[in-house]
Amino acid sequence: RPIMVVGTAFNVLGLLLMFLAPTYTLLLLAYLVVQISNNAAGAAFNAVVPDVVPQPEFGRQSGILGGMVQLGTVGGLATYIVFSLLGMPLVTYLAIGVVLIATLIPTLWASRGEGMEPVQREPAKPPLEALREFIRPLHSGDFGWVVFTRLMVTGGIWCVLPFLQFFFAEVSKIPHADQFTSYWELTLLLAATPFGLLGGWVSDRYGRKIFVYASGACQSLALVLFIVIFPSNLVVIFAIGVLFGVGYGLYYAVDWALACDPLPDPRHAAKDMGLFHVAYTFPPVVLPPALGFVLDAFTRHHAPSGLRALLAPGIVLFLPAPRPAPRLPPPRRGGSG
């Protein structure tokens, strides 16, 4: 909880600095403050989830949490669109800061039981042994496979997201592609939200793996359609966005439940959820810069071929093979329990 407070405070400060930044250099530095503080607060928030959610509720609450994340993204994107249409896009930074403060308060209240029991410090270990113990969950058991799956799904998204504007401008020949991309992403998120809200609840009864398979199939198919038909018809483009959104929602409906079910050691849940969080933050750091060089190399000869080269890896990344489902509590059948 203290890390969420400090991280959010610096996040709001960074947003204010982005709003006021007179030069690109200062804007970049402010953006780094936002990213670092946001990820610190986000990792701490992930760590709270297994502390405050009972195990039988992992699926349902994961769906609600995923749905709220999607609704929040919809709200943020819609806010940006509205302020852009009013000619004040930078005010979006201030709006985000207000929302962060307003939502931090109920989050702190809901997690007020976290940290009430004193932490029992364990004996110190040699550095290499401590490091091996720290990363052990990444290469052993179902939790490591869950982290790998999240890494692949997030990687697939970041093979697409930064380059959509170029695809719509260069391939689909859509005017004002930057604005159109915002509307397309908004459609995607609106399609994802109901599946996120309901999917986690359904997964408590039918398991999580089917959602991962269905999610990968939908998102891969959407990329295949982009690559094969190079659509320029707006109805087709938005239909592909809905398909992609359904897959996005299906995965994030069970995202947190997948991680909480096989946690190796409840005593170290916060540390392991931090490792899980890195699988969400690492791909956007690595993939866009690397794929930017790929795009540049291919488009020197033929623009569409470069975009094919970017979208094709996403198809593969969206098709991870989950291991057998971890042990779960018996499904609830009827009644109020």
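Two residues are said to be in side-chain contact when any heavy atoms from C-beta on lie closer than 4.5 Å; Phe45 and Leu65 meet this criterion. Using a 4.5 Å cut-off on side-chain heavy atoms (C-beta onward), Leu287 and Cys159 make contact. Two residues are said to be in side-chain contact when any heavy atoms from C-beta on lie closer than 4.5 Å; Phe211 and Val202 meet this criterion. You'll find the side chain of Leu86 reaches within 4.5 Å of the side chain of Val82, heavy atoms only. In this structure, Val49 and Gln61 have side chains that are not in contact, with every pair of non-hydrogen atoms separated by 4.5 Å or more.
When every heavy atom of Ser62 is checked against every heavy atom of Ala253, the shortest pair comes out as OG-O, 3.0 Å. Annotation for Ser111 and Met4: closest pair OG-CE, 4.1 Å, computed over non-hydrogen atoms. Of all non-hydrogen atoms in Gln70 and Gly249, the two that sit nearest each other are NE2-CA, 3.8 Å. The shortest non-hydrogen separation linking Pro89 to Ser84 is CB-OG, 3.6 Å. The two residues Met18 and Ala30 have their closest heavy-atom pair at CG-CB, 3.5 Å. The shortest heavy-atom contact between Tyr280 and Pro284 is O-CD, 3.5 Å.
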I would like to know whether Phe134 and Leu275 meet side-chain contact (heavy atoms from CB on, under 4.5 Å); could you show each step before the answer? CA-CA 9 Å; Phe134 188 88; Leu275 294 174; 3.7 Å; yes
Distance-only donor-acceptor hits, side chain of residues 223-241, under 3.5 Å, sequence neighbours excluded:
residue: Asn233; atom: OD1; partner: Val235; partner atom: N; Å: 2.9
residue: Asn233; atom: OD1; partner: Val236; partner atom: N; Å: 3.2

I'd like a table of donor-acceptor pairs (distance under 3.5 Å, sequence neighbours excluded) in which one partner is a side-chain atom from residues 72-79, with atom names and distances.
residue: Thr73; atom: OG1; partner: Val69; partner atom: O; Å: 2.8
residue: Thr79; atom: OG1; partner: Gly75; partner atom: O; Å: 2.7

List, one per line, each side-chain donor-acceptor pair under 3.5 Å for residues 186-193, sequence neighbours excluded.
residue: Thr187; atom: OG1; partner: Tyr183; partner atom: O; Å: 3.0
residue: Thr193; atom: OG1; partner: Leu189; partner atom: O; Å: 2.8

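Cluster note: Val6 groups with Phe10, Leu13, Leu17 through ILVMFWY side-chain heavy atoms spaced under 4.5 Å, whether in direct contact or through intervening members. Residue Val98 is found outside any hydrophobic cluster, as its side-chain heavy atoms come under 4.5 Å of no other Ile, Leu, Val, Met, Phe, Trp or Tyr. Within the hydrophobic cluster formed by Ile, Leu, Val, Met, Phe, Trp and Tyr side chains joined at under 4.5 Å, directly or through other members, Ile3 stands alone, with no partner residue.
The hydrophobic clustering, which links ILVMFWY residues whose side-chain heavy atoms are closer than 4.5 Å, places Ile157 and Val294 together. Grouping the Ile, Leu, Val, Met, Phe, Trp and Tyr side chains by contacts below 4.5 angstrom, directly or via other members, places Val146 with Ile210. The hydrophobic clustering, which links ILVMFWY residues whose side-chain heavy atoms are closer than 4.5 Å, places Phe19 and Leu32 apart. Note: the hydrophobic cluster containing Val246 does not contain Leu198 (ILVMFWY, side chain heavy atoms under 4.5 Å, direct or indirect links). Tracing side-chain contacts under 4.5 Å through hydrophobic residues (I, L, V, M, F, W, Y), one reaches Tyr206 starting from Leu258; they form part of the same cluster.
By the side-chain hydrogen bond (donor to acceptor under 3.5 Å, both in side chains) test, Glu133 pairs with Arg136, sequence neighbours left out. The salt bridge (charged side-chain N to carboxylate O under 4.0 Å, His left out) check on Asp272 picks up nothing, with sequence neighbours excluded. Scored by the side-chain hydrogen bond (donor to acceptor under 3.5 Å, both in side chains) test, Asn38 finds Asn11 as partners (sequence neighbours excluded). Ser215 meets the side-chain hydrogen bond (donor to acceptor under 3.5 Å, both in side chains) test with Gln219; sequence neighbours excluded. In this structure Val33 satisfies the side-chain contact (heavy atoms from CB on, under 4.5 Å) test with no other residue, sequence neighbours excluded.
Here His176 contributes atom NE2 and Phe168 contributes atom CZ; the two are 15.5 Å apart, rounded to the nearest 0.5 Å. Taking CH2 from Trp184 and CD1 from Ile174, the interatomic distance works out to 10.5 Å, rounded to the nearest 0.5 Å. Atom OG1 in Thr92 sits 10.5 Å away from atom CG in Leu15 (nearest 0.5 Å). Atom-to-atom distance recorded for Phe180:CZ and Leu164:CG is 9.5 Å, nearest 0.5 angstrom. Interatomic distance, CG of Leu151 versus CZ of Phe148, reported as 7.5 Å (0.5 Å rounding). Phe163 contributes atom CZ, which lies 9.5 Å from atom CH2 of Trp158 (distance to the nearest 0.5 angstrom).
The closest donor-acceptor contact from the side chain of Arg1 to the backbone of Leu108 lies under 3.5 Å. Checking side-chain atoms of Thr103 against main-chain N and O of Leu100 turns up a donor-acceptor pair under 3.5 Å. Distance alone, capped at 3.5 Å, is enough to place a donor-acceptor pair between the Ser37 side chain and the Val34 backbone.
Phe318 has its ring centre less than 6.0 Å from the ring centre of Phe244.
Residue Phe195 places its CZ atom among 12 or fewer non-hydrogen atoms of other residues, nucleotides or ligands, all under 6.0 Å distant. The neighbour count for Phe83 CZ, taken as heavy atoms of other residues, nucleotides or ligands under 6.0 Å away, is above 12.
For residues 144-158, the salt bridge (charged side-chain N to carboxylate O under 4.0 Å, His left out) pairs, not counting sequence neighbours, are Arg150-Asp255.
Using the six-membered ring where Trp is involved, Phe276 and Phe143 have ring planes that are tilted, between 30° and 60° apart.
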